[in-house]
Protein chains: 2
Amino acid sequence: MKKSSDDRQVIAPFHSHAHDHGQCVVDAIAAAETCCAKDGLSFTPLRRQVLELIWSSHGPIGAYDLLEKLRASRRNAAPPTVYRALDFLMENGLIHRIESLNAYVGCGDPERHHGAQFLICRDCQCVAELDDDEIGKAVTRRAKALGFSIHQQTVEVVGQCADCAARL
Amino acid sequence: MKKSSDDRQVIAPFHSHAHDHGQCVVDAIAAAETCCAKDGLSFTPLRRQVLELIWSSHGPIGAYDLLEKLRASRRNAAPPTVYRALDFLMENGLIHRIESLNAYVGCGDPERHHGAQFLICRDCQCVAELDDDEIGKAVTRRAKALGFSIHQQTVEVVGQCADCAARL
DNA sequence: GGATATATGATATAATATAACACTATGAAA
DNA sequence: TTTCATAGTGTTATATTATATCATATATCC
Ligand SMILES: [Zn+2]
Ligand SMILES: [Zn+2]
Ligand SMILES: [Zn+2]
Ligand SMILES: [Zn+2]
């Protein structure tokens, strides 16, 4: 089945509870390997492990939650351990930071340098990652009119996801 | 001169260095008075003072910077003093929180409950507040398609303002 | 191997935000 | 007018998120 252009603009939807969680972590790590190899970046064990933990959490996760998990295998991990790995992963487009949550989430399309919009559920903190053309163009147009140049278009919108609407 | 529809969608532009700073603080406080009176809210001296300090800073300001200024007149002000006032001002649409900066900025149109988009300069931390129809609609359309309901549409875009582009 | 840059370890501290409980002022109910 | 209830503020302590700094290790290049 061919993906419509509309589907491609949804980089990561709200998660169906059905999908194969283990596999999506494996795929994400493989994609990261590819990106780093291509760009000559050193994807060290620490960085890989942090990325794995982020994907395993399967949603935005905070730096200190990450640190706690990391300590299961690295007893003396400290905040800078995590923050340095996060910096590397962000600089190279492997994860995004969600400002509204002070949390970090795996990027659903790391091989492509893309703008991103996040829909963030205020109840369950799940997020959807989009690269919606219309939103992007509307933002670009207005920014241009004001002489504002967008370096990395990251849009965050807070609301309520469908699951929470049904549940609450 | 009549405002175009386009102008109305720019709630607060990047500041021209020429405008009358003192007057815009006065106007903002007057508008807040009006809003609170209309809604039966108690606009206490503390809350007024915090709002004044925010407008006086004339751009996004952090809670602890605010606290420091507040202490000039309230020697024993503490973090909760500021955060409670900020909560009140946010709940009632008199200020916005800029997540990307951990900072607070006066709302340019408090009498109207509106969606907002912020263009945030990563170099000088200035912001422009917009209520762009096209951005709003594009976001709404996509959210709807995903079953996501937006409660308060707040969009934050990071980049570089025209002044900084010229200066750097 | 020695020089250089990159990555991590380790300790301390900064910056942002909230919890908890006490006290005061205000205004309505009795 | 007393009493009660609520909203607002004071005060102290603590939680959460992020960075600075210096030391050590590891990889890369010549
Ligand atoms: Zn992405
Ligand atoms: Zn939800
Ligand atoms: Zn506003
Ligand atoms: Zn600027």
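Letters go in sequence order (proteins before strands), and every chain restarts at 1. These numbers come from the heavy atoms of this one structure, side chains and all, not from hydrogens, waters or symmetry mates.
- Residues passing the salt bridge (Lys or Arg N to Asp or Glu O under 4.0 Å) test with A/Arg47: none are found, sequence neighbours excluded.
- Of all nucleotides in DNA chain C having an atom under 4.0 Å from a heavy atom of chain A, the first and last in 5' to 3' order are C/dA7 to C/dT11.
- Using modelled atom types, one side-chain atom of B/Glu129 and one backbone atom of B/Gly108 make a donor-acceptor pair closer than 3.5 Å.
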Open item on the list: Base contacts versus sugar-phosphate-only contacts with protein, heavy atoms under 4.0 Å: please encode nucleotides 9-18 of chain D as B, S and - from 5' to 3'.
Closed with: BBBB----BB
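- A donor-acceptor distance shorter than 3.5 angstrom exists from the side chain of A/Gln117 to the backbone of A/Asp132, with no hydrogens or angles considered.
- For B/Leu89 and D/dG8, the CG to P distance is 12 Å, given to the nearest whole Å.
- As rounded to whole Å, 7 Å separates atom P of D/dT19 from atom CG of A/Asp87.
- Listed pair B/Ser42 / D/dG8 meets the phosphate criterion, a side-chain N or O lying under 4.0 Å from OP1 or OP2.
- Sorted pairs that involve residues 67-95 of chain A and meet salt bridge (Lys or Arg N to Asp or Glu O under 4.0 Å), not counting sequence neighbours, are lacking altogether.
- Note: B/Tyr83 and B/Tyr64 have perpendicular aromatic rings, judged against thresholds of 30 and 60 degrees for the angle between ring planes.
- Scanning for salt bridge (Lys or Arg N to Asp or Glu O under 4.0 Å) contacts around A/Asp109 gives A/Arg112, with sequence neighbours left out.
- A donor-acceptor pair under 3.5 Å is formed between the side chain of B/Gln9 and the backbone N or O of B/Asp133.
- Residue pairs meeting the side chain to side chain donor-acceptor pair (under 3.5 Å) criterion with at least one member in residues 148-160 of chain B, sequence neighbours excluded, are A/Arg122-B/His151, B/Ser100-B/Glu156, B/His113-B/Gln152, B/Asp123-B/Gln160.
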